[in-house]
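Heads up: the structure comes next, in structure tokens.
Read the numbers this way: they start at 1 and go in the same order the structure lists the ligands and their atoms. This chain uses plain numbering: 1 for the first residue, then up along the sequence.
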Amino acid sequence: MDDLKKSVSEKMKNPQWKLFFAIMLSVIFLFIWGRLGNINDRKEEFTISYSQFLEQLKAGNIHSVTIQNLQVNGELAKETSVELPAEQGPRQVKYFQTFLPSFQGEDILTALREKGVLINVEPPEKMSPFWQVVMGILPWVLIIGIWFLIMRGAQRVQGGPGGLFSFGASKAKLHNVEKPQVTFKDVAGLENSKKELEETIEFLKNPQKFKKLGAKVPKGVLLIGPPGTGKTLLARAIAGEAGVPFYSISASEFIEMFVGVGASRVRDMFKKAKANPPSIIFIDEIDAVGRTRGAGFGGGHDEREQTLNQLLSELDGFEPHEEVIVIAATNRPDVLDPALLRPGRFDRHVVIDRPGLKDRKAILEVHVRNKVLGDQVDLDKLARGTPGTSGADLENLANEAALIAIRKNKEKIDMGDFEEALDKILMGTVREETISELEKRITAYHESGHALVAHELPGTDPIHKVSIIPRGMAMGVTQLLPEEDRHYYPKAYLMNKLCVALAGRVAEKIVFNDTSTGAQNDLKEASSLAEKMVSQWGMSDKVGPVNLGRAEEHPFLGRELALPKRYSEDLAWLMDQEIRQLIVDAEARADEILRPKRNLLDKIAESLLKEEVLEREDIERIIKEAKSL
Ligand code: ATP
């Protein structure tokens, strides 16, 4: 009941609800007024029988009648005692009502006229005064009601949480102040980043300590790292460690359809956080609003830029007592507006890279904490088999393995489940498909080509698995996994990579004297790698050691369009030649390796056709056996 009262009183604060209640009250008032009016108008009227009516007529005691269809309402000339059909005993009747058996037209009218009765005729089914009032106001009620609904709908589209004009209020989420759940214990690895952030936590916990010595703590921390590496998790953990409120928003949520909404959301969120110090504001994907100004299509005053300007002015506008730390995350620091990064704004940069071997194991440990594992699960081996993955990928791996174990009705998750989950993540989901024998053979030789060249070339990543089971978009996969985390890629390594990529197509050519569309992805991968080698990494002697940014991903079309090309047409032509040459050379090299080893190629392909999946050890065994013959 209290809840009801509360919700009604809250609703009444809203102007829309006030209007709605006013309309409802008016309708109710008109209804009651209509009914009262009706009652007042009504005189005491009795229903008499048709014979009694004729009797009174004959006696000349009828003063006037109103005829509507077969209904007659009338007034007697003088009050008379009449025996009423429905009631006991006689009643004094002045006004009456009766019904004609059928309309005798002229007969009854002649009789009435002869007696000098005042005759009134009404059109059939005339509305009562009450209904006339209702029908009069109903269209207005409908129009106002529809307008009310449209306004509410429009407001919802604007995403505003409250009243009609409150769409500027932020969608900031306030996390539990008393019980921050995530702490640094939930963030595996990232020791360096944690260390850098300790000072921030200390400041949030004990701002006085810093003030006493007149030290200023950086108010803006920028977390930089690839997707899924734990930036959001780390920001939450800071709030958890310091036990302060955590206001978070994704920068893309600032931007709405209306210009000015983003800016007002920024203002609103900072206002809320400042009112509740010490606190943390977390802005995810800051590049959505923070990219360099003047890069958009909409001129210098588009919605994004207004939002960014507001953000900049809020970052400057902290009073000494406002202990608010603003943490932002991005994976594109290169596109951020320099004004955001200057001292006093986001000047503390914490880089969060993909986890190394030790961290991957630690992350896996965090995510298997509440899972039931079999004895042989080797997290070390799993960590070794997942180079280049992010924390989010590893969380997904642990979860997929659990789901696979559940699907198989197991009590515990074993190593097989983890390996199946890893294959699914690395190579895609198995696709049930009927494949012709010829297609299977083509796939087997294609994958054997990749595998054999990878095995023969020194310095390539070792083979993890070769499979001709269709997965994801591919008909077959050859998975190579580096043994350790790489930070540099030497030219020789990349040339080998190109060669391995083209080896599938070369094997098809050698065996079937034809090529197929199966190599599309290999060619795409090889071309993109060769383009980067030539235009970004200075690996072509003819083009020279220059970075021309040709193969850069297009982060934002606006910026790319605004940039002039940094190379001449001649150089562009030369780059094309060099890219092509790298690929053609790689193909020739793969051919050189595979052609003399046709028997090895046949052996691996045969095994693949039989087993469908071969591991690194299988390939090594097949090659060793074939060589010893
Ligand atoms: P994005 O850039 O896409 O927003 P992000 O870097 O913010 O990604 P998070 O959302 O923090 O990534 O991480 C995704 C998930 O990955 C987390 O929920 C967490 O479970 C897991 N994760 C990532 N890094 C770690 C880590 N170091 N320790 C434990 N779990 C991690």
Side-chain angles (χ1 to χ4, degrees), residues 171-173 175-176 180-198 200-201 220-241 246-255 280-291 325-336 340 346 348-371 373 379-380 382-383 386-403 418 421-422 425-426 485 553 555-556:
K171 291 182 194 166
K173 291 165 255 165
H175 285 248
N176 201 334
Q181 282 149 14
V182 191
T183 63
F184 273 179
K185 261 197 253 120
D186 302 290
V187 187
L190 301 179
E191 294 308 328
N192 290 332
S193 318
K194 284 186 197 168
K195 219 171 278 163
E196 277 189 67
L197 292 165
E198 255 157 26
T200 309
I201 296 173
V221 179
L222 186 64
L223 303 179
I224 303 167
T229 42
K231 299 181 292 294
T232 313
L233 184 69
L234 200 59
R236 276 178 200 283
I238 297 169
E241 287 284 333
F246 181 74
Y247 294 84
S248 75
I249 196 161
S250 168
S252 55
E253 285 176 75
F254 281 132
I255 309 291
I280 287 181
I281 290 179
F282 177 65
I283 306 172
D284 206 358
E285 303 162 35
I286 187 139
D287 40 279
V289 289
R291 79 184 128 111
I325 295 279
V326 188
I327 303 177
T330 181
N331 42 27
R332 295 299 317 245
D334 52 324
V335 299
L336 290 182
L340 262 180
F346 288 107
R348 169 82 37 117
H349 298 177
V350 179
V351 176
I352 299 176
D353 210 352
R354 289 208 174 84
L357 178 62
K358 209 169 107 238
D359 283 2
R360 285 200 299 276
K361 190 174 171 209
I363 294 172
L364 280 171
E365 271 162 5
V366 166
H367 291 290
V368 297
R369 245 184 342 209
N370 49 6
K371 296 188 171 66
L373 298 189
L379 293 184
D380 212 42
L382 283 172
T386 46
T389 49
S390 67
D393 294 331
L394 295 169
E395 182 188 13
N396 188 21
L397 171 67
N399 195 46
E400 277 292 337
L403 291 177
F418 272 100
L422 189 60
I425 292 167
L426 293 180
D485 300 316
E553 284 147 31
F556 301 107

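- Between the Arg360 side chain and the Ala383 main chain, a donor and an acceptor come within less than 3.5 Å of each other.
- Counting the atoms of ligand 1 from 1 in the order shown, those under 4.0 Å from a heavy atom of Val187 are 27 (N), 28 (N).
- For Asn331, no nitrogen or oxygen atom sits less than 3.5 Å from a nitrogen or oxygen atom of ligand 1, counting backbone and side chain alike.
- Atoms of ligand 1 found under 4.0 Å from any heavy atom of Thr229, numbered from 1 in the order shown, are 6 (O), 12 (O), 23 (C), 24 (N).
- When hydrogens are left out, the protein atom nearest atom 4 (O) of ligand 1 is Asp284 OD2, 3.4 Å; that is the closest non-hydrogen contact.
- Remark: Asp393 does not engage Arg354 in a salt bridge, criterion side-chain N to carboxylate O under 4.0 Å.
- Using a 4.5 Å heavy-atom threshold, the side chains of Ile238 and Phe282 count as separate.
- Nearest non-hydrogen protein atom to atom 14 (C) of ligand 1 is Ala392 CB, 3.8 Å.
- Remark: ligand 1 and Gly230 share an N or O pair separated by less than 3.5 Å (distance only, no angle test).
- Surrounding NZ of Lys371 are more than 12 heavy atoms belonging to other residues, nucleotides or ligands, all under 6.0 Å away.
- Of the N or O atoms in Val366, none lie within a sub-3.5 Å distance of an N or O in ligand 1.
- Within ligand 1, the atoms closer than 4.0 Å to a non-hydrogen atom of Ala188 are 26 (C), 27 (N), 28 (N), 29 (C), numbered from 1 in the order shown.
- For ligand 1 and Asp186, the ligand atoms under 4.0 Å from any heavy atom of the residue are 28 (N), 29 (C).
- The structure places OG1 of Thr389 at 9.0 Å from CD1 of Ile425, a figure rounded to the nearest 0.5 Å.
- Using a distance-only test at 3.5 Å, with no hydrogens or angles considered, a donor-acceptor pair links the side chain of Asp359 to the main chain of Leu190.
- Any N or O atom pair closer than 3.5 Å counts here, and Pro227 shares no such pair with ligand 1.
- From the protein, the heavy atom lying nearest to atom 2 (O) of ligand 1 is Lys231 NZ, 2.8 Å.
- The NZ atom of Lys194 sits 9.5 Å away from the CD atom of Glu198 when rounded to the nearest 0.5 Å.
- Shown in contact with Ile363 at under 4.0 Å from a heavy atom are these atoms of ligand 1, numbered in order with element: 26 (C), 27 (N), 28 (N).
- Among protein heavy atoms, atom 31 (C) of ligand 1 sits closest to Leu233 CD2, 3.5 Å.
- For ligand 1, the atoms closer than 4.0 angstrom to any heavy atom of Glu395 are 15 (C), 16 (O), 17 (C), 18 (O), 19 (C), 20 (O), 21 (C).
- For the pair His367/Ile363, a side-chain contact is recorded, criterion being any heavy-atom separation below 4.5 Å from C-beta on.
- Near His367, meaning under 4.0 Å from one of its heavy atoms, ligand 1 places the atoms 20 (O), 21 (C), 29 (C), 30 (N), 31 (C).
- Looking at Asp186, its side chain does come within 3.5 Å of a backbone N or O of Thr183 through a donor-acceptor pair.
- Taking CG of Asn331 as the start and CD1 of Ile352 as the end, the distance is 11.5 Å to the nearest 0.5 Å.
- Atoms of ligand 1 lying under 4.0 Å from at least one heavy atom of Leu190, given by number and element, are 27 (N).
- Of all protein heavy atoms, the one lying nearest to atom 7 (O) of ligand 1 is Thr232 OG1, 2.5 Å.
- The side-chain contact (heavy atoms from CB on, under 4.5 Å) with Lys231 is formed by just one residue from the set Thr330, Leu222, Leu223, Ile224; it is Leu223.
- At least one heavy atom of Gly228 sits less than 4.0 Å from an atom of ligand 1.
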